[in-house]
**Q** 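Have a look at this one.
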Amino acid sequence: MTAGPLVVLVGPMGSGTSFRALEHEAVARAVAGHTGVLSLGGGAVLHAGTRALLAELPTVFLDVGVDEAMRRLGAGTGRPLLADGPQRRWEHLMADRRALYLGLARAVVPTDDRTPHEIERAVTEALELEKA
C-alpha cells in the first residue's frame with residue numbers, strides 16, 4: 001500500500017458552508033497525519049479543497065442501495081438533512097452527489113447484503129492491496 005490514508009466515502013450525511021469548511025480542515029489534518037483508513041461523511045466531497053485532497057489518494061466509494069440505506073438509517077433520527085422524509089431526501093442527496101463520488105473513487109464497492117468483512121475484502125481486492 002502507498003503511504004498515506006485510504007479514504008472511504010459513505011454517502012449522504014450533513015451540510016452547511018461553515019460546517020464544510022471545518023470538515024475540510026479536519027480532513028486535511030487527518031490526511032496529513034494518518035496512515036490508516038479515513039471514513040468520510042458523504043457531504044465531505046462538496047468542498048473543493050477536500051475534493052482536491054481526495055483526488056490524490058486511493059479513494060473508495062462504498063455504494064449502498066436505497067433499501068439498504070433506509071434500513072440502516074431508520075427514521076433519520078439525529079440526521080437533520082434526513083428529518084423530513086428520509087428516503088426522498090436521501091435519494092435527492094445521492095442524485096446530487098453521486099457524480100462527485102464516482103469522479104473521486106478509484107473503486108466502487110457495493111455494500112448491500114455484505115458483511116463488514118466482505119466489504120473490507122472487496123475494498124482490498126479492488127485496490128489490489130496486500131495484507132501485511
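Values in this document were obtained by computation on a predicted structure and should not be read as measured data. Both backbone and side-chain heavy atoms feed into the values below; hydrogens, waters and symmetry mates do not.
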**Q** Does the side chain of Leu127 come within less than 4.5 Å of Pro58's, by heavy atoms?
**A**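 They are in side-chain contact.
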
**Q** If we only count heavy atoms from C-beta on, is the Thr111 to Arg72 side-chain gap below 4.5 Å?
**A**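 Answer yes - side chains close enough.
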
**Q** Are any of the side-chain heavy atoms of Leu40 and Leu54 separated by less than 4.5 Å?
**A**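 Heavy-atom side-chain distance check passes, below 4.5 Å.
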
**Q** What residues form a side chain to side chain donor-acceptor pair (under 3.5 Å) with Arg88, not counting sequence neighbours?
**A**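 So Arg88 forms no side chain to side chain donor-acceptor pair (under 3.5 Å) with any residue.
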
**Q** Counting only pairs under 3.5 Å, give me each side-chain donor-acceptor contact of residues 21-31, with atom names and distances, residues two or more places apart or in other chains.
**A**
{"residue": "Glu23", "atom": "OE1", "partner": "Arg20", "partner atom": "NH1", "Å": "2.5"}
{"residue": "Glu23", "atom": "OE2", "partner": "Arg20", "partner atom": "NH1", "Å": "3.3"}
{"residue": "His24", "atom": "ND1", "partner": "Thr50", "partner atom": "N", "Å": "3.2"}
{"residue": "His24", "atom": "ND1", "partner": "Thr50", "partner atom": "OG1", "Å": "2.9"}

**Q** Using the salt bridge (Lys or Arg N to Asp or Glu O under 4.0 Å) criterion, which residues pair with Arg98? Sequence neighbours excluded.
**A**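 In terms of salt bridge (Lys or Arg N to Asp or Glu O under 4.0 Å), with neighbours along the sequence ignored, Arg98 is linked to Asp63.
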
**Q** Taking side chain to side chain contact (heavy atoms under 4.5 Å, CB included) as the definition, give me every residue that meets it alongside Asp96, ordered by chain and number, with sequence neighbours left out.
**A**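 Partners of Asp96 under the side chain to side chain contact (heavy atoms under 4.5 Å, CB included) test: His92.
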
**Q** Could you tell me whether a side-chain N or O of Tyr101 sits under 3.5 Å from a main-chain N or O of Val108, the two making a donor and an acceptor?
**A**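 Side chain of Tyr101 to backbone of Val108, a donor-acceptor pair under 3.5 Å: no, none is there.
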
**Q** Can any side-chain N or O of Arg106 pair as donor or acceptor with the backbone N or O of Thr59 at less than 3.5 Å?
**A**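 No; judged by distance alone, with no hydrogens or angles, the pair does not exist.
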
**Q** Is any side-chain heavy atom of Arg121 closer than 4.5 Å to a side-chain heavy atom of Glu118?
**A**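 Arg121 vs Glu118: side chains apart.
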
**Q** Run the numbers on Glu120 and His117 for side chain to side chain contact (heavy atoms under 4.5 Å, CB included), then give the verdict.
**A** CA-CA 5 Å; Glu120 179 269 333; His117 177 74; 3.9 Å; yes

**Q** Could you check whether any side-chain heavy atom of Leu46 comes within less than 4.5 Å of a side-chain heavy atom of Leu100, counting everything from C-beta outward?
**A**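 Leu46 reaches Leu100 side chain to side chain.
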
**Q** My understanding is that only residues two or more places apart in sequence, or in another chain, count here; which of them pass side chain to side chain donor-acceptor pair (under 3.5 Å) with Arg114?
**A**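 Applying side chain to side chain donor-acceptor pair (under 3.5 Å) to Arg114 gives none.
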
**Q** To the nearest 0.5 Å, what is the distance between CD1 on Ile119 and CG on Asp112?
**A**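 Rounded to the nearest 0.5 Å, the CD1-CG separation comes out at 9.0 Å.
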
**Q** Which pair of heavy atoms, one from Val109 and one from Ala122, lies closest together, and at what distance?
**A**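 The pair with the smallest heavy-atom distance is CG1-CB, 3.6 Å.
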
**Q** Kindly give the heavy-atom pair with the smallest separation between Val64 and Trp90, and that separation in Å.
**A**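 Shortest heavy-atom separation between Val64 and Trp90 comes out as O-CH2, 3.4 Å.
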
**Q** Under the side chain to side chain contact (heavy atoms under 4.5 Å, CB included) rule, collect the residues that match up with Arg71, sequence neighbours excluded.
**A**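 Arg71 satisfies side chain to side chain contact (heavy atoms under 4.5 Å, CB included) with Glu68 only.
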
**Q** Please examine the side chains of Leu102 and Phe61, heavy atoms only from C-beta on, and report whether any two atoms are closer than 4.5 Å.
**A**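 Phe61 reaches Leu102 side chain to side chain.
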
